[in-house]
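Letters A, B, ... are given to chains in the order of the sequence lines, protein chains preceding strands, and every chain is numbered from 1.
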Number of protein chains: 2
Amino acid sequence: MISEKTVERLSLYRRILCQLRAEGRESILSHELAALLHGKAAQVRRDFMQLGYSGVPNSGYNVRRLIESISDLLDSPRMQGAALVGLGHLGLAILSHFSGRWRQLAIRAAFDTDPAKVNRTHHGCRCYAMDDLAPVVREQNIDIGVIAVPAEQAQGVAEALCRAGISGILNFAPVRLRLPDTVYVDTVDLTMSLEKVAYFARQRVSARHQANTAV
Amino acid sequence: MISEKTVERLSLYRRILCQLRAEGRESILSHELAALLHGKAAQVRRDFMQLGYSGVPNSGYNVRRLIESISDLLDSPRMQGAALVGLGHLGLAILSHFSGRWRQLAIRAAFDTDPAKVNRTHHGCRCYAMDDLAPVVREQNIDIGVIAVPAEQAQGVAEALCRAGISGILNFAPVRLRLPDTVYVDTVDLTMSLEKVAYFARQRVSARHQANTAV
DNA sequence: GGGTGTGAACGGATTCACAGCA
DNA sequence: TGCTGTGAATCCGTTCACACCC
């Protein structure tokens with residue numbers, strides 16, 4: 001019902017709104033929020049329309065209520081747990097990034113094949129052996145998997161997570177996962193992102209050069 | 001001229017094609033490639049059309065030539081260099097991910113404020129103090145910046161990179177950077193990605209449940 | 001026959017533009 | 001007056017469908 005793009009923006013709105021609230025701001029206009037997001041005011045209004053939250057003409061949106069409204073949509077009524085597989089640098093980065101920040105969504109367990117990491121706590125999160133994946137996922141009521149293992153192992157790990165009953169995966173391995181479409185998959189591909197930046201950076205350079213010579 | 005989405009896919013095509021080449025595969029049909037990408041054949045053909053590379057009816061595309069053709073577009077004729085700012089777990093993850101993998105695009109220098117990291121080599125990459133950013137960027141002919149610092153410092157780092165003359169930024173900090181539009185910016189937002197997965201994972205669960213009860 | 005290349009149709013997301021309201 | 005909510009228009013990416021070629 002609500003589109004992927006809209007959900008992404010709602011997540012960003014919420015983050016910005018929380019900052020504003022912390023600064024004591026009580027209300028905000030659509031075009032102010034748009035400016036902060038590099039978007040257009042109409043888009044902001046349409047997103048909130050989908051949310052079902054209404055603002056007030058001339059005084060805008062109430063920051064606190066808007067945050068609540070977005071949270072009603074984005075957060076699960078019951079706690080959602082995530083499992084992280086792979087405790088290399090990337091896994092550790094993810095762990096420290098998410099450690100203890102959200103109440104409604106937390107990484108509850110980590111998994112790795114390295115015996116030196118297993119049965120220890122990293123950034124406040126216990127690391128288990130891969131064999132324990134299914135039981136731990138079930139016991140801790142985990143329904144999201146985060147994959148931070150090398151490309152070769154990603155497909156296997158993804159399948160194991162699915163068998164354990166997970167319903168969403170955030171994948172950092174540079175592979176297109178083949179999974180039943182009962183699970184939602186989002187892949188963050190660092191290589192692709194860097195190549196994209198490299199390409200468009202070059203375009204900007206030549207555009208700049210062109211503009212200079214055109215004058 | 002060529003869209004962002006298309007560039008993303010070209011990057012993925014190339015990776016898959018390189019694997020195929022390594023396996024000794026000489027040619028491939030549009031619908032085979034589409035299947036590997038979870039896309040449609042028409043899309044693949046259209047992407048290659050934009051590239052200006054033509055296949056042959058009934059025998060498809062020559063793998064080696066196609067890779068060359070994509071590389072002509074994506075890779076810079078002269079080497080492109082990148083600078084990484086922030087050597088926390090995320091920075092190290094990025095460094096090890098990209099270390100020595102590409103000839104046309106490499107991370108040439110890293111920067112951090114921590115004196116324990118400065119003037120040492122990490123994953124084959126020298127770490128400099130932040131003060132050296134501008135001179136090193138200029139000397140090493142770097143035109144891409146990768147930001148892997150905490151949110152609070154990201155804007156400042158981004159501005160410093162711009163002043164040093166960079167033309168593209170890959171940003172991992174959860175902030176919308178405000179920069180002149182002469183630089184291309186792509187932000188990879190882990191928090192947003194995870195929240196998105198969490199949301200759609202929930203939707204899948206209820207969809208599954210609905211399907212079960214509907215029968 | 002079974003591919004490719006591509007104009008045309010489609011669909012979803014964004015933006016415009018304006019009615020309605022404080 | 002200056003904002004919000006929203007139908008209508010527009011834009012852009014994707015997909016269809018078919019002419020053309022091996």
Annotated protein contacts, base or backbone, on nucleotides 2-12 of chain C with a non-hydrogen cut-off under 4.0 Å, one of B, S, - each: BBBBBBB----
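No side-chain donor from either of A:Glu32 and A:Tyr61 sits under 3.5 Å from a side-chain acceptor of the other. Side-chain contact annotation: B:Gln19 with B:Glu23, donor-acceptor N/O pair under 3.5 Å absent.
Nucleotide D:dT14 holds its P atom 13 Å from the CD1 atom of B:Ile2, rounded to whole Å. Put simply, CD on B:Glu4 is 12 Å from P on D:dT14, counting in whole angstrom units. Atom CG of A:Leu10 and atom P of C:dA13 are 13 Å apart (whole Å). In this structure, the CG atom of A:Asp47 is 8 Å from the P atom of C:dT14, given to the nearest Å. To the nearest angstrom, C1' of D:dT15 lies 14 Å from NZ of B:Lys5. The interatomic distance linking B:His38 (NE2) with D:dT14 (P) rounds to 16 Å, in whole Å. Separating the CD atom of A:Gln43 from the C1' atom of D:dA9 is a distance of 16 Å, rounded to the nearest angstrom. Regarding A:Lys40, its NZ atom lies at a distance of 12 Å from the P atom of C:dA17, rounded to whole Å.
Remark: B:Glu195 does not engage A:Arg15 in a salt bridge, criterion side-chain N to carboxylate O under 4.0 Å.
Among residues two or more places apart in sequence or in another chain, the side chain to side chain contact (heavy atoms under 4.5 Å, CB included) test is passed with A:Asp75 by A:Arg14, A:Ser71, A:Gln104.
Taking the ring centroids of B:His89 and A:His123, they lie under the 6.0 Å cut-off.
Side-chain atoms of B:Met130 and B:Val85, non-hydrogen and from C-beta on, do get closer than 4.5 Å to each other.
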